Amino acid sequence: MESHGAQGHWVLTLGPLEIGWEVLTTWLIMALLGLGSWLLTRRFTDDPGRLQTMTEGIISVIEGAIEAVLPGHTWRVLPFVGTLWIFLTVANLIGLVPGLDSPTTEISVTGALAILVFMSVHWFGIRSEGLWGYLKHYVSPSPLLLPFHIIGEITRTLALAVRLFGNIMSMENAALIILMVMGFLAPIPILMLHIIEALVQTYIFGMLALIFIAGAISSQGKPSSRREP
Amino acid sequence: MELNWSTFILEIINFLVLVWILKRFLYRPVLEAIEARKNRIAQEKQQIDALKEETERLNRETQNKKNLWEEEKEQRHHALIEEIAAERESLMEQLHTELEQERRRQENLDRARRAEINRKMEAQALRQGGRFVSRLLERLACPELEARQIELLMEELHRLPPEKARTIQTAMEEDGGDIKVFSGFTIPGETREQLSEILQQVAGPARVSFHKDESLLSGVSVHVGYWVLEANLKDEMKFFMDIVDDEH
């Protein structure tokens, strides 16, 4: 029932399912976020304290960012995009905790998130425009562009997954190499670099997902003004 | 870098579960709290706006009332000034009238005071003149003066009007026919005869007797019954003193 994975992590097997350290770490993150959210929000008052103010500030920032890109659809998109930002922030930074690795260093995790973004784009697009109205944009302005639209959907999803995986994995490997070469002379700058990189990749992933969704919702000849970085 | 399908599927499920958890326990409570606070702030702002509007309305009303009060105050101020001016004019006229009356009264008083002083001075002058004349006549009293007075008396008796003479005659008849002649000095015999003759001519036949009365100083006093004829200094001095007393 138990075995070692390729990288030396413990892996549980439940029938056909293999529960790797990534899933366990994700569950840990889910437990932390869920429990933290419940503890924070159950004591909300009209006179907010520091934690309530901070929580409301974070959610307000996310809401403001979504409202700026997709006005009028904030509440529809906020749970998905906000969860992406919150989860990726914690998942990217949890590697700083000794004994834990970031789940986003695994292509299976980032691929799953990218697939979710891919699916959510169609989900929100169909809910907003209807199935026929949404599918029409693949053949507009000309049916000749349909293959290119399909290729674009696949490549941007793949790029989304590989970008996050590659950056987080390479950053951790680079940090490990630097620590091995320079010992403990430069741990703090490397940790700072880790934090910045994690936050930047979180922002990029969430913002790209938001832009893709916004493009699907207002896809009929109204491409988003933002470009993929 | 290899794709683990179990991890891939579980991560999809995990993320969807996380979306539900956060939506249920984070986004909804936070957004509801923010919305509730926004609503409360909006209500408070609405109340504040209403209060502000009410305050502005009250301010406008207060300003209008203040303006009205200012106008009314200005009007009353003008009316009061005019009333004070009229009252002052009236009081000034009244004061001028009273001053004029007082001036006239003072002038009358001055005139009366001056008249009284003049009268007193005249009386004093008369008294002094009377005393002077009395002393002078006392010093001038002598038999020669008396003789001259008797001569004057006899001349007067000669010119006596008839009705006066009848009065003397009537008085003598009522008294019994006696004529008394008083003199300051002793009258000489010849003069006595002349005087008796003239008196009898005037009063009719009568007994004429002569008496000495030094209080007469000089001259004679003829008594015919109730009728008395004075021609002496005492009577003259009495005349002057009576004048002084009458002046008082």
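Please read all numbers here as calculations on a predicted model, not as lab measurements. We use all heavy atoms of the structure for the numbers below, so side chains are in, but hydrogens, waters and symmetry mates are not. Letters A, B, ... are given to chains in the order of the sequence lines, protein chains preceding strands, and every chain is numbered from 1.
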- Query: Without hydrogens or angle criteria, can the side chains of A/T26 and B/E11 be said to hold a donor-acceptor pair below 3.5 Å?
  - Reply: yes
- Determine the minimum heavy-atom distance between B/K23 and A/W75, stating which atoms define it. CE-CZ2, 4.1 Å
- Query: Looking only at atom types and distance, does a side-chain atom of A/S108 sit under 3.5 Å from a main-chain N or O of B/N4, one as donor and one as acceptor?
  - Reply: yes
- When A/T110, A/L78, A/I29, A/T45 are compared by non-hydrogen pairs under 4.5 Å with chain B, the top option: A/L78
- When B/I9, B/N14, B/L22 are compared by non-hydrogen pairs under 4.5 Å with chain A, the top option: B/N14
- Message: Using modelled atom types and a 3.5 Å cut-off, is there a donor and acceptor pairing between side-chain atoms of A/T41 and backbone atoms of B/L26?
- Response: no
- Task: Report the option among A/P48, A/P103, A/S60 that has the most heavy-atom pairs separated by less than 4.5 Å from atoms of chain B.
- Result: A/P48
- Query: Which residue out of A/P79, A/G34, A/G82 racks up the most heavy-atom pairs below 4.5 Å with chain B?
  - Reply: A/P79
- Query: Who among A/V23, A/T83, A/L116, A/L33 has the most heavy-atom pairs with chain B under 4.5 Å?
  - Reply: A/T83
- Message: Under 4.5 Å from any heavy atom of chain A, what part of B/R28 do you find: side chain, backbone, both or neither?
- Response: both
- B/S6 side chain vs A/E18 backbone, donor-acceptor pair below 3.5 Å: yes
- Interatomic spacing from CZ in B/F8 to CD in A/E106 - rounded to 0.5 Å: 13.5 Å
- Message: Quick check: A/F80 with B/Y27 (ring centres under 6.0 Å apart)?
- Response: no
- Message: Under a 4.5 Å cutoff for heavy-atom pairs, which residue among B/I34, B/V19, B/I21 has the most contacts with chain A?
- Response: B/V19
- Task: Determine the sole option in A/Q52, A/E63, A/E56 for which the side chain to side chain contact (heavy atoms under 4.5 Å, CB included) test with B/V30 is passed.
- Result: A/E56
- At a heavy-atom separation under 4.5 Å, does B/I12 approach chain A through its side chain, its backbone, both, or neither? both
